[in-house]
Chemist: 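Below you will find the structure I want to go over with you.
Positions are given from 1 along the sequence. Note that these values count all heavy atoms, side chains included, but never hydrogens, waters or copies made by symmetry.
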Amino acid sequence: MMLSNTCAHPVACAFCKANLLGKVDERSRGQSLGHCSPRYCSPGEVIYRQGQTGRFIYSVCRGLVKLDQHQSDGTQRTVRMLPPGGVFGLEALAEGTYQHSVFSVGRSRICRIPVEVIAALSQHEPATQSALMKQWAQTLDEADFVIARLSTGTARQRVMALLQHLCEVDDEEGVCQAPPRDD
């Protein structure tokens, strides 16, 4: 049974699509979904910063977010861009702190679930663990894509690969959002 009956944004919410909360009983479902909340972000808005204590995991429902990493020399490097369906902040479950700074690119809508809700469900609902492992695997696949396709070739080839990748997953309105030139 999917969460789409009660989630505010089931079309693009990765938590619903992957059934991230697992097959929980109705009492647990109501309690956990009460903690799944939407957040609307403005262009350039900081969702969280690298090193910050991780309190939520997130799903992109609409728009685009970018994950930046601050380097030891003080520079900032964009390491990923996530279209609708992307999940981020999973490292908060294992490490307790976020490994990236995350920004909204344009207007976006994200859903967030508190880490403590996921941790509690994981202990009592085995399906939640399986859903989390699938999300981790998708995150690794995304990292592999960035390494293999976006770090080799001419600048034009890399930009085309990024745009093609971002447009493979439309948001709920069928719109592909391209990042600004600087990004």
Chemist: Using every non-hydrogen atom in the two residues, find where S108 and G63 come nearest and quote the distance to one decimal.
Modeler: CB-CA, 4.0 Å
Chemist: Hey, any chance Y98 and F103 share a hydrophobic cluster, counting ILVMFWY side chains that come within less than 4.5 Å of each other, even indirectly?
Modeler: no
Chemist: Ignoring hydrogens, what is the shortest heavy-atom contact between V60 and P83? Give both atom names and the distance.
Modeler: CB-O, 3.5 Å
Chemist: Within 45° of the axis and under 6.0 Å from the centre of the six-membered ring of F56, does NZ or CZ of R112 qualify?
Modeler: yes
Chemist: With respect to S101, which candidate in R49, H70, Q50 satisfies the side chain to side chain donor-acceptor pair (under 3.5 Å) definition?
Modeler: H70
Chemist: Please report the shortest heavy-atom distance between E91 and T97, naming the atom on each side.
Modeler: CG-O, 3.4 Å
Chemist: Between V105 and V65, is there a side-chain heavy-atom distance shorter than 4.5 Å?
Modeler: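 Of all side-chain heavy-atom pairs linking V105 with V65, none is under 4.5 Å.
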Chemist: Rounded at 0.5 Å granularity, tell me how far SG in C41 sits from CZ in R107.
Modeler: 10.5 Å
Chemist: Taking all non-hydrogen atoms of both residues into account, name the closest pair between C61 and P84 and its distance.
Modeler: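 Heavy-atom minimum between the residues: O-CB, 3.8 Å.
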Chemist: Tell me the closest heavy-atom pair linking A92 and V115, and the distance in Å.
Modeler: CB-CG2, 3.9 Å
Chemist: Just so I know, are the side chains of I47 and R39 near enough to count as touching, which here means a heavy-atom distance under 4.5 Å?
Modeler: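 The answer is yes; the side chains approach within 4.5 Å.
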Chemist: Looking only at non-hydrogen atoms, find the nearest pair between V87 and L82 and report the distance.
Modeler: O-CD1, 3.8 Å
Chemist: Any side-chain heavy atom of V102 within less than 4.5 Å of one from V46?
Modeler: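 Not touching, per the 4.5 Å side-chain cut-off.
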Chemist: Please check if any side-chain donor atom of D68 sits under 3.5 Å from a side-chain acceptor atom of T78, or the reverse.
Modeler: yes
Chemist: Once you measure the plane-to-plane angle for Y48 and F88, does it fall in the parallel (<30°), tilted (30-60°) or perpendicular (>60°) bin?
Modeler: tilted
Chemist: Yes or no on side-chain contact (heavy atoms from CB on, under 4.5 Å) for Q71 and R77, after CA distance, side-chain angles and deciding distance?
Modeler: CA-CA 7 Å; Q71 307 298 309; R77 181 175 177 104; 3.9 Å; yes
Chemist: T53: what forms a side chain to side chain contact (heavy atoms under 4.5 Å, CB included) with it, not counting sequence neighbours?
Modeler: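 With sequence neighbours excluded, T53 shows a side chain to side chain contact (heavy atoms under 4.5 Å, CB included) to no residue whatsoever.
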Chemist: Quick check for you: to the nearest 0.5 Å, what is the distance between I113 atom CD1 and I57 atom CD1?
Modeler: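 Reported to 0.5 Å precision, the distance equals 5.5 Å.
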